[in-house]
Amino acid sequence: MSARFEPIVGRYMHLELFGRAHRVYVEEAGEGTPLLCLHTAGADGRQYRGLMNDARVTRNHRVIAFDMPWHGKSSPPQGWHDEEYQLTSAQYTTMILAVMDALDLDRPIVIGCSIGGRIALHLALEHPERFRAIIGLQAGAHVDPYYDLNFLHRPDVHGGEVAAAIVSGLVGPDAPDKERWETLWHYMQSGPGVFKGDLYFYKVDGDIRARVAEIDTRRCPLFLLSGEYDYSCTPEETLAVANSIAGAEATIMKGLGHFPMSENPGEFLTHLLPVLEKIGGR
């Protein structure tokens, strides 16, 4: 069998975040308008492999995905063993803007899923001038806790397998087995306590219900795409967010779940490509 190489190129970037040195892994493919991709809690940038391998996207977009510190190939900072990882909205925002500056991204399109979709709402509200447009996948303003997070980080429980078991029900029923299980494998590989630390932002600190209606889509267009089979960010929650923001556009994607770009990239792209065409640019 002959080797076949994908167009994705990866490299490590050294930058200072929160007063500490970090080594952050970044992948990209394509040329044109920057499309910055934000992964879900407890996972990493591999979730966007479908976008990076699709010429319909990469012919007009420089698709970029980075692994947040503590995730994927991005290690925790020095001294991590003496602290508990816990993501906050302020840290998350600072991190994204710092990566944009380091990569010299001028008004990129941002696409984020789950916690990435939630922080996308924060970015649209607090920094609209920095973005050409924002695409929120499974982007609810809040979520009520529905299971005990302590099971994600216990010495007598395999945190990665529990995390994958929890999110397995969020994958749409039509997802191909290959993509379903690769999505779950990313969760099985999560570092100890990382998924739990991300969910602090998702379930507590990142609640934006009181401010979400202040988003001005005249300054930054906002598109919300959500899978119908998602009980974490339900279709009803997505539509409630869209209805509270003048000018926001929402689509409920039939057959898809909480990880549309990862669990079923082919189907997801039928919804994403029209949005990218509407945003335009290069």
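In this chain, numbering begins with 1 at the start of the sequence shown. Only a predicted model underlies this, so the values are computations on that prediction, with no experimental measurement involved.
Within the model, atoms CG of L170 and OH of Y229 stand 14.0 Å from one another, a figure rounded to the nearest 0.5 Å. Between atom CD of residue E28 and atom CZ of residue R62 there is a gap of 4.0 Å, rounded to the nearest 0.5 Å. Rounding to the nearest 0.5 Å places CG of L276 at 9.5 Å from OG1 of T33. To the nearest 0.5 Å, the span separating CD1 on I166 from CD on E161 amounts to 12.5 Å. Between the CD atom in E228 and the OG1 atom in T238 there is a gap of 12.0 Å [rounded to 0.5 Å]. Note: F195 CZ to Y202 OH = 9.5 Å, rounded to the nearest 0.5 Å.
Shown here for G255 and P173, the closest heavy-atom pair between the two residues is O-CD, 4.2 Å. Residues M52 and P7 come closest through the heavy atom pair O-CG, 3.6 Å. A139 and G117 make their closest contact through CB-O, 3.4 Å (heavy atoms, listed as atom of the first residue, atom of the second, distance). The two atoms that bring S168 and L184 nearest to each other are CA-CD2, 3.7 Å, heavy atoms only. The shortest non-hydrogen separation linking H22 to L17 is CE1-O, 3.5 Å. Closest approach of Y85 and L87 over heavy atoms only: OH-CB, 3.6 Å.
When the side chains of ILVMFWY residues are joined at heavy-atom separations under 4.5 Å, either directly or via intervening members, W185 and W181 end up in a single hydrophobic cluster. Under the 4.5 Å side-chain heavy-atom criterion for ILVMFWY residues, a single connected hydrophobic cluster contains both L15 and L36. Both L121 and L97 belong to a common hydrophobic cluster when Ile, Leu, Val, Met, Phe, Trp and Tyr are linked at side-chain heavy-atom distances under 4.5 angstrom. In the hydrophobic clustering of ILVMFWY residues, with side-chain heavy atoms under 4.5 Å counting as a link, L225 and I279 come out together. Residues I252 and F259 are members of separate hydrophobic clusters, defined by side-chain heavy-atom contacts under 4.5 angstrom among Ile, Leu, Val, Met, Phe, Trp and Tyr.
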Carefully, step by step, assess E129 and R219 under the rule side-chain contact (heavy atoms from CB on, under 4.5 Å). CA-CA 7 Å; E129 73 287 349; R219 302 180 65 191; 3.9 Å; yes

Please evaluate residues R154 and K196 with respect to the criterion side-chain contact (heavy atoms from CB on, under 4.5 Å), reporting the C-alpha separation (whole Å), side-chain torsions for both, the decisive distance (0.1 Å), and the verdict. CA-CA 11 Å; R154 285 174 44 156; K196 180 183 178 184; over 6 Å; no

Could you give me the CA-CA distance, side-chain angles and deciding distance for I111 and L137, then say whether side-chain contact (heavy atoms from CB on, under 4.5 Å) is met? CA-CA 7 Å; I111 180 171; L137 311 179; 3.9 Å; yes

Step by step, would you call S114 with H258 a side-chain hydrogen bond (donor to acceptor under 3.5 Å, both in side chains)? CA-CA 7 Å; S114 190; H258 191 73; 2.8 Å; yes

One pair to check against side-chain contact (heavy atoms from CB on, under 4.5 Å): V26 and F66. What are the steps and the verdict? CA-CA 4 Å; V26 184; F66 70 96; 4.0 Å; yes

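Just one residue in the list D198, T40, D44 forms a side chain to side chain donor-acceptor pair (under 3.5 Å) with H71, and that residue is D198. In summary, of the residues considered (R46, R180, R49), a side-chain contact (heavy atoms from CB on, under 4.5 Å) with S262 occurs for R49 alone.
Under the 3.5 Å distance criterion, the side-chain polar atoms of H122 are left unmatched by any main-chain donor or acceptor of I208. Side chain of N243 to main chain of L239: a donor-acceptor pair is present (N/O by atom type, distance under 3.5 Å, no hydrogens or angles). S244 places a side-chain N or O within donor-acceptor distance of the main-chain N or O of V241, the cut-off being under 3.5 Å. Side chain of E237 to backbone of A141: a donor-acceptor contact under 3.5 angstrom is found. A distance-only check finds no donor-acceptor pair linking the side chain of T58 to the backbone of A29 [under 3.5 Å]. The backbone N or O of P235 lies less than 3.5 Å from no partner atom in the side chain of S226, so there is not a single donor-acceptor pair. A donor-acceptor pair is defined here as one N or O able to donate and one able to accept, closer than 3.5 Å; no such pair exists between the side chain of E179 and the backbone of P176. Between the side chain of H39 and the main chain of M68, a donor-acceptor pair closer than 3.5 Å is present.
Counting heavy atoms from C-beta outward, I135 and L272 have side chains that approach closer than 4.5 Å. When side chains are defined from C-beta on, Q86 does not count as touching D205, because their heavy atoms never get closer than 4.5 Å. In this structure, the side chains of C113 and Q47 stay at 4.5 Å or more apart for every pair of heavy atoms. You'll find the side chain of I115 reaches within 4.5 Å of the side chain of Y92, heavy atoms only. Side chains of M95 and P69 form a contact here, defined as non-hydrogen atoms less than 4.5 Å apart. Between I96 and M100 there is a side-chain heavy-atom pair separated by less than 4.5 Å.
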Using a 3.5 Å cut-off and no angle test, enumerate the donor-acceptor pairs between side-chain atoms of residues 101-109 and protein atoms at least two apart in sequence or in another chain.
unit_1	atom_1	unit_2	atom_2	d
D101	OD1	R130	NH2	2.8
R107	NH2	F131	O	3.3

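Ring planes of W80 and W70: perpendicular class, angle over 60° (limits at 30 and 60°). Using bins of under 30°, 30° to 60° and over 60° for the plane-to-plane angle, the ring pair Y25/Y12 lands in the tilted bin.
Looking at residues two or more places apart in sequence or on another chain, you find no ring pair (Phe, Tyr, Trp, His ring centres under 6.0 Å) involving H142.
Other residues, nucleotides and ligands contribute only 12 or fewer heavy atoms inside 6.0 Å of the CD atom of E277. More than 12 heavy-atom neighbours from other residues, nucleotides or ligands sit within 6.0 angstrom of CD on E214.
The salt bridge (Lys or Arg N to Asp or Glu O under 4.0 Å) pairs that include a residue from residues 257-267 number zero, where partners must be two or more places apart or lie in different chains.
Remark: K73 does not engage E27 in a salt bridge, criterion side-chain N to carboxylate O under 4.0 Å.
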